Protein chains: 2
Amino acid sequence: MVTIKQVSERAGVSSATVSRVINNTDTVKEKTRKLVLNAMAELGYRHNTIAASLASNKTNTIGLVVPELHGSFFGAMMSGSEQVLRKANKHMFVVAGHSDDAMERQEIDALLSRRCDALILHVEAISNEYLIKLASQNVPLVVVNRYIEEISEQCTSLDNVRGGYMATRHLLDLGHTHIAYAAGALFKADGVHRLQGHKQALHDAGIEADDQLIEEGDFQAHSGEACIDRLLDRQQQFTAIACGNDEMATGAINALRRRGLRVPEDVSVIGYDNIDYASYLTPKLTTIDYPVREIGEMAARWILNQAYGDARQSLTHILTPELIVRGTTRAI
Amino acid sequence: MVTIKQVSERAGVSSATVSRVINNTDTVKEKTRKLVLNAMAELGYRHNTIAASLASNKTNTIGLVVPELHGSFFGAMMSGSEQVLRKANKHMFVVAGHSDDAMERQEIDALLSRRCDALILHVEAISNEYLIKLASQNVPLVVVNRYIEEISEQCTSLDNVRGGYMATRHLLDLGHTHIAYAAGALFKADGVHRLQGHKQALHDAGIEADDQLIEEGDFQAHSGEACIDRLLDRQQQFTAIACGNDEMATGAINALRRRGLRVPEDVSVIGYDNIDYASYLTPKLTTIDYPVREIGEMAARWILNQAYGDARQSLTHILTPELIVRGTTRAI
DNA sequence: TTGAAAGCGCTAACAA
DNA sequence: TTGTTAGCGCTTTCAA
């Protein structure tokens with residue numbers, strides 16, 4: 001491996017000067033710089049970031065934890081962050097936490113021991129306490145899709161209760177009164193909050209929430225199917241269903257059709273998240289928009305500010321969801 | 001920051017012993033190990049991977065380049081690789097090359113200067129020569145979704161000509177003779193090969209390929225829509241259309257419906273890739289399966305073998321696509 | 001504008 | 001089984 005030392009000898013300068021050329025620090029005389037650049041090219045020098053990081057105590061790398069590396073939701077978020085960080089010449093280390101406490105901790109540890117300059121965390125299993133403690137240490141960090149009172153300044157999340165409310169409110173506005181709900185995983189905050197919003201909307205409309213009309217899934221498409229099957233098997237009557245997310249809505253639509261019901265003629269369906277393919281479905285899916293990509297971008301910008309002192313950039317701590325009316329809902 | 005030295009002093013041993021405990025190398029007396037572990041816990045020691053990497057010249061990290069961090073296709077691949085590497089206690093550094101020559105090179109450089117032990121490359125713009133040269137250097141690397149004669153042993157790809165052939169063959173088998181084609185980006189090998197297969201199938205069936213029935217898109221959904229619009233605006237007659245990938249097929253279906261044509265009653269549509277949501281569409285999309293996740297896993301296993309000498313693991317160099325018949329195609 | 005030299009925190013011979 | 005010690009390749013004072 002070619003080292004700075006070899007380059008310096010070839011160029012007839014000190015290794016400190018070579019380092020200066022590489023990092024563009026201090027002023028190096030144009031002539032010396034040329035000399036060094038030539039030597040580097042001739043020798044095929046490649047900078048050793050590991051050694052540089054050790055010496056400078058900076059890695060120029062941001063760690064990102066997401067639940068999974070696949071899926072429209074996380075894809076959009078990663079992509080948003082990556083774009084912002086790349087422009088700032090920072091690198092990103094993406095790992096998957098798999099919504100498991102031990103795994104999430106382990107991945108955060110790995111990121112920290114790799115001395116990431118900052119962390120963007122989309123974790124679901126780790127406790128608030130752990131995150132609060134982590135935040136009190138020296139690593140800048142932002143928590144995405146989660147609101148923690150004690151470190152609210154470093155959190156950014158969507159008002160899911162409100163989103164859940166809006167979804168059901170939309171169905172109510174269309175005249176539906178028998179509204180089923182296919183909840184996301186209820187051990188996740190998102191699932192709980194969205195359902196909570198649903199119930200609130202019903203309540204405000206003077207309708208009593210009927211537990212028989214609520215089924216729990218796990219945010220995956222097939223669980224949406226299963227929810228419909230269970231509801232229908234129980235002969236529940238409903239003209240509309242709100243779902244924990246778009247995937248579940250997709251599954252629900254398929255199950256409804258399989259069982260001979262038309263969407264939206266017989267049953268209106270509303271999703272949540274507005275993932276990429278929501279508008280590819282037929283009819284296009286009515287849903288609640290979750291600006292994931294923007295959140296990914298925002299988190300990255302904020303991190304840039306905190307870790308590297310870039311131009312001020314604020315974090316919108318609680319974003320407001322938006323209703324996107326398309327083709328899967330209609331007036332009764 | 002707590003260092004090995006501080007831990008060693010606290011435990012009353014040498015730093016070498018602490019290192020041994022951390023890395024589980026050599027045998028350390030159980031009692032000393034306990035002593036060290038306690039000291040580490042008390043001091044809140046966190047291993048510095050950067051320093052370890054510099055000293056050992058290994059990072060236990062694999063670099064992965066994909067065109068984009070979002071999208072079902074890359075998501076599945078990343079996820080497949082991640083799963084395999086995590087089990088082997090290796091880490092993954094994912095970066096996006098954005099199908100741009102300069103960016104791809106730059107990202108590979110970044111990965112190399114971070115001293116990744118190995119690379120998995122899904123690059124689209126970089127030249128074969130560059131990859132061949134890279135492969136001749138000391139970093140183990142596997143090229144995904146691309147076949148390069150000179151380094152075929154390190155490549156894994158799908159036979160896209162064959163897949164394109166199969167798709168159109170399927171339509172022909174159903175009795176279609178007026179078959180349109182919505183090609184993917186033709187500056188990408190995948191786009192060209194799939195189209196080539198299509199033409200071959202027509203030729204073998206004694207049908208002359210009509211350039212008027214071929215439109216080029218860019219693998220995105222909206223380009224599928226545009227292709228249909230252009231074909232229909234030109235009053236082209238066709239009862240079936242094969243598409244460059246599933247996204248384009250999705251767009252095509254939407255455009256056909258918008259213009260009053262039913263799928264598959266009036267026009268049969270076949271996609272390519274079999275991405276996640278292909279089976280969520282209505283009707284479910286007939287397509288060609290591209291086992292992306294498996295490819296991601298396989299690449300990771302092979303890398304594990306090459307870079308760390310894990311149990312032998314071979315790479316399937318050219319995979320065979322598979323036809324998945326669902327609801328968007330029917331006999332004429 | 002440049003050079004000398006002391007680390008950064010860890011690993012890995014080699015010795016004991 | 002454990003300790004000593006010489007680096008790994010780079011950055012960064014401090015001095016010139």
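Residue numbers begin at 1 in each chain, while the letters A, B, ... track the order of the sequences. This one's a predicted model, so the numbers in the text were calculated from it and none came from an experiment.
- Figure legend: K90(B) and Y308(B) shown as a cation-pi pair, the cationic atom lying under 6.0 angstrom from the six-membered ring centre and within 45 degrees of its axis.
- As a whole-Å value, the separation of E30(B) CD from dT2(D) C1' is 15 Å.
- To the nearest 0.5 Å, the span separating CD on E42(A) from CG on L37(A) amounts to 11.0 Å.
- Scanning both residues, A11(A) and A39(A), for their nearest heavy atoms gives CB-CB, 3.8 Å.
- Between dC8(C) and N48(B), no contact under 4.0 Å exists linking OP1 or OP2 to a side-chain N or O.
- As a whole-Å value, the separation of M40(A) CE from dC10(D) C1' is 13 Å.
- Counting only heavy atoms from C-beta on, T27(B) has its side chain closest to dT1(D) among dT2(C), dT1(D), dG9(C).
- DNA chain D is contacted by both A55(B) and R33(B); R33(B) maps to the nucleotide lying nearer its 5′ end (nearest heavy atom per residue).
- The base of dG3(C) is paired with the side chain of R20(A) by a donor and an acceptor separated by under 3.5 Å.
- Remark: C1' of dC10(D) and CZ of R115(A) are 17 Å apart, rounded to the nearest angstrom.
- In this structure, S81(A) OG and I62(A) CD1 are separated by 9.5 Å, a value rounded to the nearest 0.5 Å.
- At a threshold of 4.0 angstrom between heavy atoms, the contacts of T32(B) are confined to the sugar-phosphate backbone, with no base atom among them.
- Comparing dC10(C), dG9(C), dG3(C) by their nearest atom to the side chain of M1(B) picks out dG9(C).
- Checking K31(B) against A51(B), the closest nucleotide of DNA chain D that is more toward the 5' end is the one next to K31(B).
- In this structure, S56(B) does not reach the dT11(C) phosphate: none of its side-chain N or O atoms is under 4.0 Å from OP1 or OP2.
- Rounded to the nearest 0.5 angstrom, R114(A) CZ and T59(A) OG1 are separated by 11.0 Å.
- A16(B) comes within contact range of at least one nucleobase, with a heavy-atom separation under 4.0 Å.
- Contacts of T49(B) with the nucleic acid, taken as non-hydrogen atoms under 4.0 Å apart, are absent.
- The side chain of I4(B) lies closest to dT11(C) when the candidates are dT11(C), dT2(C), dT11(D).
- The environment of N57(A) atom CG is sparse: at most 12 non-hydrogen atoms of other residues, nucleotides or ligands sit within 6.0 angstrom.
- Checking V36(A), V13(A), T17(A) one by one against V28(A), the side-chain contact (heavy atoms from CB on, under 4.5 Å) holds for a single residue, T17(A).
- Taking atom CG of residue L35(B) and atom P of nucleotide dT1(D), one finds them 16 Å apart after rounding to whole Å.
- The side chain of S19(A) places an N or O atom within less than 4.0 Å of a non-bridging phosphate oxygen (OP1 or OP2) of dT11(D).
- In this structure, S15(A) does not reach the dG9(D) phosphate: none of its side-chain N or O atoms is under 4.0 Å from OP1 or OP2.
- The aromatic rings of F93(A) and F93(B) lie parallel to each other, their planes meeting at an angle below 30°, with 60° marking the opposite boundary.
- Contact annotation: T3(B) does not reach the phosphate of dG9(C) (side-chain N/O to OP1 or OP2, under 4.0 Å).
- Here the straight-line distance linking atom NZ of K34(B) with atom NZ of K29(B) works out to 13.0 Å at 0.5 Å rounding.
- Straight-line distance from the OH atom of Y45(B) to the P atom of dG9(C): 10 Å, rounded to whole Å.
- Distance I50(A) CD1 to dC8(C) C1': 13 Å, rounded to the nearest Å.
- Residue V18(A) is out of contact with every strand shown, counting any heavy-atom pair closer than 4.0 Å.
- Between its opening and closing five pairs, the helix from dT1(C)-dA16(D) to dA16(C)-dT1(D) changes axis direction by 30°, a value rounded to 10 degrees.
- Within 4.0 Å (heavy atoms only), N57(B) reaches no atom of the nucleic acid at all.
- Atom pair E9(B):CD and dC10(C):C1' shows a separation of 15 Å (rounding to whole Å applied).
- Between the CZ atom of R46(B) and the P atom of dC10(C) there is a distance of 13 Å, rounded to whole Å.
- Taking 4.0 angstrom as the limit, T17(B) places a side-chain polar atom (N or O) nearer than this to OP1 or OP2 of dG3(D).
- Judged by closest nucleotide on DNA chain C, L54(B) is the one of L54(B) and T25(B) placed further toward the 5' end.
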